[in-house]
2 protein chains.
Amino acid sequence: MAASTLTEVARLAGVSPATASRVLNGSARKPGKDIADRVRQAAASLGYIPNAQAQGLAKSSSGLIGLIVHDIADPYFAAIARGVQEAAREQRRMVLLATTGGAPAEEKEAVAAFAARRADSIVIAGSRSCRDEDRDGNAELSAELDRYCRNGGQVAVVGHPVVGATALEGYHVVKVPNQELAGRLAAELAGGWDGEFVIVGGPEGLLTSDDRVRGFQEGLERAGRRPAEVLRSAFNRSGGYEAGLELSARIKAAQSEDGGTPSPKLCIFAVNDVMAIGAAAALRSEGLRIPRDAAIAGFDDIETLRDFRPALSTVRLPLEDIGRYATRATGGRPAGGDGEAAEGASFDEVTGEVTLRRSTGAAA
Amino acid sequence: MAASTLTEVARLAGVSPATASRVLNGSARKPGKDIADRVRQAAASLGYIPNAQAQGLAKSSSGLIGLIVHDIADPYFAAIARGVQEAAREQRRMVLLATTGGAPAEEKEAVAAFAARRADSIVIAGSRSCRDEDRDGNAELSAELDRYCRNGGQVAVVGHPVVGATALEGYHVVKVPNQELAGRLAAELAGGWDGEFVIVGGPEGLLTSDDRVRGFQEGLERAGRRPAEVLRSAFNRSGGYEAGLELSARIKAAQSEDGGTPSPKLCIFAVNDVMAIGAAAALRSEGLRIPRDAAIAGFDDIETLRDFRPALSTVRLPLEDIGRYATRATGGRPAGGDGEAAEGASFDEVTGEVTLRRSTGAAA
DNA sequence: AAGAAGTTGGAATGCGCTTTCCCAATCAGA
DNA sequence: TCTGATTGGGAAAGCGCATTCCAACTTCTT
């Protein structure tokens, strides 16, 4: 028994399908009150649920918004997803989810799949990559996005524009000032710290990581410090853990070396919170204490990690808002509405806030 | 410029749409090699992307799977979502996401929306509620689910069956032995603890919470302990925090009361990890230490929380698997396949594992 | 009071694709 | 060489809905 159709409802109500359609779905033309009631009643008694696919086909628009993340279980993406979800709800649209592990080739597949489903818009979160191995993937991805936009799709990407993408109409970027914020973090850290700095970064070519590394170095330079060494590992907790082990060894070596007088301590900047937590776990597993033996800071201010002790110094990013903005950017009228300039690509920018806590020796 | 259509491809290839359809999408009939190549080439040169809506309409099946969670940013749901997503990928389907905050009425809306989109199946995660205020919502939800199943939809719910739902064909439940596991946790805890127990639970009527509370009490009883007092608050971090404040006051009072000789310490069981973390944060903010002044245990073993110190005793649940199983249960052939019995509703069961850690004084 | 302007419901068309059903061509068997 | 069985491609009928165009009314206007 398939679900009942508009035609059945119409027949039961003794009207034409056209009329039934008009009353059941917001059409410009409102049929007479009595007829409308009859139709509505018929629909209710049949348990009629409009077929969104058919509606979509007829109107060529689906009420769908595609969300692309690296990993939905990563709290960073989960937070963004929440924002997207909320905004989608406001706009009475549903979100389609795709996870790609961050590979541009996979992302291209996801875009194609969304396009096939005629999603009205697509939100892409997760660091862009410009690594060599991703060159082809990026090219495919941007080609796919181009096509999607040209066919009237809206896309918003969080952070960086897709590598190689041309800025056509319907292409939005929610910019995240990673570099600047990392610089500010470095500056504030440098203000209260005499020791060396070391950066735990993701693989080279991951734009988000690179930006944060670069910004941090700039911040150090402005503060008159020498550049920090950069350790590279995976952009997740285990990457942080590995780097942490490496650093533990160094710290211990340094400690035993200079016998009594402790050398200036190390301050570790991990380019995101989960890496920082991983690194912290590694230090701890090696018997080191934070911030006694080393300070540590992250980036993102992941909610679930706020109860971590010692509280992690980090840069708060309005993750949920980012998701919301990205969604809204793709949301309203197609283009050139009443609002601000809306020709071609649009760029939103959010901001963050340096948040010093115990892990770098801050008071609270 | 709308995306190109099958007909255009067919025209370019000089064949009929029927033939084009047959070669481009897995049909039983395979056209001749030369023709197939021509069609494929035409499709490639046009950048043809099949319109999934139209396909869905024609075949009445969408390749969509709906996922309903309370909150996608909650790590519990995020983990389940990851499992669902993975399984969906295996089945070459896409997931539609809906968040409801746990209200049955909202869940009903979500089911209706999924039904409208003709999702092939629906996975519902998140505790069922049997509170009075949700009575109507539950009734609507189960009616909606019934209809959905009767129309050939597959639904899998995690934990408990939907309150009031009848077990028809296509209705699956992935059972989580909350009660038993909580009992085991209580037993193990009682083995190494002399003091009192207190339970921090969610609102009464939240089935998952209730089960865990009940199981814990049973475990205590079997261990010859008296039943624990139950504090109720919200089923999230802030609920845990509030309860934690309340408990802090009591602990302090008790401590000051019996001057030197410390009274037996309190062991707090929070019915999920985030509540436990909240409670722990509250104790800490009141200057209490764990496990020195009180022990604490949670439930779920949320991944992001594993680096929390002191490490949280908890019950590990295979969250990702749960999502996977639920998805697979709705996945394969409609019913009565080659596998096990498949008439009517089906029930899968996962299991968990008590994991004692530092927060309750365990060695490591 | 008669024609213009505005309503209101219905018939018909099309969205893009799948899937019978049909027909011409090919092949095996006799 | 002819018949019956296959095969391979095309024509056409929907899938369920929105929407344009029409026809039949109703309400104003002068």
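Labels below follow one simple rule: chain letters A, B, ... track the order of the sequence lines, proteins then strands, and each chain is numbered from 1. Because the structure is predicted, anything quoted here is derived from the model rather than measured. Values below: all heavy atoms of this structure, side chains included; hydrogens, waters and symmetry mates excluded.
- Within 4.0 Å (heavy atoms only), B/Thr5 reaches sugar-phosphate atoms of the nucleic acid but no base atom.
- The nearest whole Å value for the distance from the CD atom in B/Gln55 to the C1' atom in D/dC15 is 13 Å.
- Separation of atoms OG (A/Ser62) and CE (A/Met94) is listed at 11.5 Å; rounding is to 0.5 Å.
- Closest to the A/Asn25 side chain, of the nucleotides C/dT18, D/dT19, D/dC17, is D/dC17.
- Set against C/dG10, D/dA11, D/dC17, the side chain of A/Ala18 has C/dG10 as its closest nucleotide.
- Counting non-hydrogen atoms of other residues, nucleotides and ligands closer than 6.0 Å to CD of A/Gln41 gives a total of 12 or fewer.
- As rounded to whole Å, 13 Å separates atom P of D/dT19 from atom CG of A/Leu57.
- Residue B/Pro50 is classed as a sugar-phosphate contact, given heavy-atom separations below 4.0 Å to backbone atoms only.
- To the nearest angstrom, P of C/dG16 lies 17 Å from CZ of A/Arg117.
- Separating the OH atom of B/Tyr48 from the C1' atom of C/dC17 is a distance of 7 Å, rounded to the nearest angstrom.
- Using a 4.0 Å cut-off, no side-chain N or O of A/Ser21 falls inside it from OP1 or OP2 of D/dC17.
- Atom-to-atom, CD1 of B/Ile49 to P of C/dG16 comes out at 14 Å; the value is rounded to the nearest Å.
- Once rounded to the nearest 0.5 Å, the distance linking CG of A/Leu97 with CD1 of A/Ile65 reads 11.5 Å.
- Residue-to-nucleotide proximity on DNA chain D shows that, of B/Ser60 and B/Pro17, the 5′-proximal contact is made by B/Pro17.
- B/Arg93 and B/Ser121 share a side-chain donor-acceptor pair at under 3.5 Å.
- No N or O donor and acceptor, one from the side chain of B/Arg118 and one from the base of D/dG16, sit under 3.5 Å apart.
- Side-chain N/O atoms of A/Thr19 include one lying less than 4.0 angstrom from OP1 or OP2 on C/dG10.
- The distance between atom NZ of B/Lys59 and atom P of D/dG16, rounded to the nearest whole Å, is 16 Å.
- Looking at B/Arg22, its side chain has no donor and acceptor atom pair within 3.5 Å of the base of D/dG8.
- What separates CD of A/Glu8 from P of D/dG16 is a distance of 8 Å, to the nearest Å.
- In this structure, OG in A/Ser142 is found 6.0 Å from CG in A/Asp146, a value given to the nearest 0.5 Å.
- B/Gln53 places its CD atom 10 Å from the C1' atom of C/dG16, with the value rounded to the nearest Å.
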